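This report refers to the structure that appears directly beneath it.
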Amino acid sequence: MNRNFKPREKSFSPGQDLGADAMAESVWGTPFDRQLGHVPASATSVDMVEKELAKDLEAVNSADKEISKPSTIRKINTDLLLFRARLERRNFRKQPDGSIREQSSLFSEKVFRRCLSMAPMDGRAYVGLGTLLMNQKRVTEAEELYEEGTRMTQGSNPYIWTAWANLESRRGKLTKARKLYEGAVVAKSSHSAAWHGWGLLEMRQGNLRRAAELFEKGIRNTVGDANPYLYQSLGYVLEKMGKIEEARRTYLRGTKESIVSKSDALWHTWAKMESKHGNDDVVRYLYQRALAVNPKSRYTHLSWGVWEKEQGNHESARELFKKGHKLNPRDAAILQAWALLEYEMGLVERARELLKQGTEADNKHIPVWQAWGVLEYLEGNYKKARDLFQQGVWAGPNSRDVSKVFQAWAVLEKKERQYNLARTLFSCAVKADPKSEASWLAWAQMEEDLGLNDRAEELRNYNQAEQNKRGIDSSLGSIIVGPDSMLSPIFRGVQAWIQQFSERGPRRGKNGPPRRGAAASLAGKMEDSDKDLDAEFSKFQNDIGLNATNPKSA
């Protein structure tokens, strides 16, 4: 399973028109969107097995060959095939929609299934194929595959248990997910991914004390094989609980483990905490340690740059964004953050250029489309802003992030006094992300400004109900509006519209890119629809020339 950071941004202030401050939203996503999984050992091709591997690949590609019959080929061939399947799966995820993506998907699935026929007890093939099926949104098939894998391995493979638990957690089946995580740690108590995944589940439910217990158990059960993400997550949870000193001790404990100390994620998360609770020199030192471990880290460059910008050190922030972009030219989040900096500095054309580069680097990155649309809105280019918001919706109509695009678009239409269209857009925003408090409250404020106080109060009540819900509903349209509600005519048909948007995809011109000028047509249709480490921490500060009460320059 892949480790995956996902940058996210804050929503606009509720009930306020957009301004420069609204554009200065954080583009940093917490590191805990990552999911740990089995990292396969690299396979080395050798001459003595190349011919046999070629035969296996021939069997995969041939429709005439029976691939369900178990193979007697050596294990190294399975390793090589798994490596090949993972490469194809990676190609599938990287490719835009089209024949190459489809071919990579089909070939990867064939190779994974061939591996299963060769080694039915090898959990890697089950996890690899299950991940591919999840990427293809074939969730039921993935669940059945994990169940079969658990049966074939007699419940002894913790990786299958964990992958299955992660799937159920995403689906919101939390009781089942907890049982599956428990099965994983029973199968292997030192399986750090299971402890981490289970802890993340509890953390997302707001059960911070339980999450901290699970991360601590994971650390105790992985002595000798420390995992940096357990220390990282434990420190983060302790910070959320308000136990800052305990969090510092946890991070310091982690740095004493050689493997953990080489994790840029731990140094980076510690720096994030100190940026809110420590002094500036400590923050810079910790970010420097993170880059020393991983000089290319896009997350560290992004986070450090955003922090420097917030401190008013614009040149330092610009240099960090520039370096981060040079090392990660396909990362749209860095370009977005850099553009926001330039906009705040009054360099509108430079900001516009950077946002355009961001959409070219990753046209599926919704926040960069939103930021560009907001820029054009602030500059009074409403037609251009509408077009950019539409491109942002095309980028991921079923994503929660699209809520922020709908919200920004709704605020634009509100200012233009297109209130029916603004209502439709606000309803799309809260359908995409029912927990978007800013969208609910901005909508309620609009209704109140129009003198519709009952409708505004109902919207605020819906918002409060959503904020009180526990758990994450990953599906759209989780809001239940009664037939007697005055909001039911507004919500009616929005879910079907979003589904149609997803299936249809962007209209394209002769040369491929989405056609411009379609926003007006769309808008018309939408309108209808345990050790005290205090002394050691003090020593740590002294070692780097810092003192909490009298900071020196690093």
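Not measured: the values here are computed from a predicted model.
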With the threshold set at 4.0 Å, does a side-chain nitrogen-carboxylate oxygen contact exist between Glu239 and Arg248?
no
Please confirm whether the backbone N or O of Arg330 pairs with a side-chain atom of Asn328, one donor and one acceptor, at under 3.5 Å?
no
Which residues share a side-chain hydrogen bond (donor to acceptor under 3.5 Å, both in side chains) with Asn294, sequence neighbours left out
none
Centres of the His196 and Phe215 rings: under 6.0 Å?
yes
Quick one: side-chain hydrogen bond (donor to acceptor under 3.5 Å, both in side chains) partners of Gln464, sequence neighbours excluded?
Asn468
Criterion side chain to side chain contact (heavy atoms under 4.5 Å, CB included) against Phe406, the qualifying member of Val430, Leu425, Val411
Leu425
Quick one: list whatever passes side-chain hydrogen bond (donor to acceptor under 3.5 Å, both in side chains) with Glu379, sequence neighbours left out.
Tyr343
What class does the angle between the rings of Phe426 and Trp443 fall in, given that below 30° is parallel, 30 to 60° is tilted and above 60° is perpendicular?
parallel
Aromatic contact, Tyr382 with Tyr377 (centres under 6.0 Å)
yes
Using the side-chain hydrogen bond (donor to acceptor under 3.5 Å, both in side chains) criterion, which residues pair with Trp338? Sequence neighbours excluded.
Glu342
Any residue meeting ring pair (Phe, Tyr, Trp, His ring centres under 6.0 Å) with Tyr419, in chain and number order, not counting sequence neighbours:
none
For Tyr231 and Ser263, test the side chains for any donor-to-acceptor distance below 3.5 angstrom and give the result as yes or no.
no
Contacts satisfying salt bridge (charged side-chain N to carboxylate O under 4.0 Å, His left out) that involve residues 351-363 (not counting sequence neighbours) are Glu349-Arg352, Arg350-Glu353, Arg352-Glu376
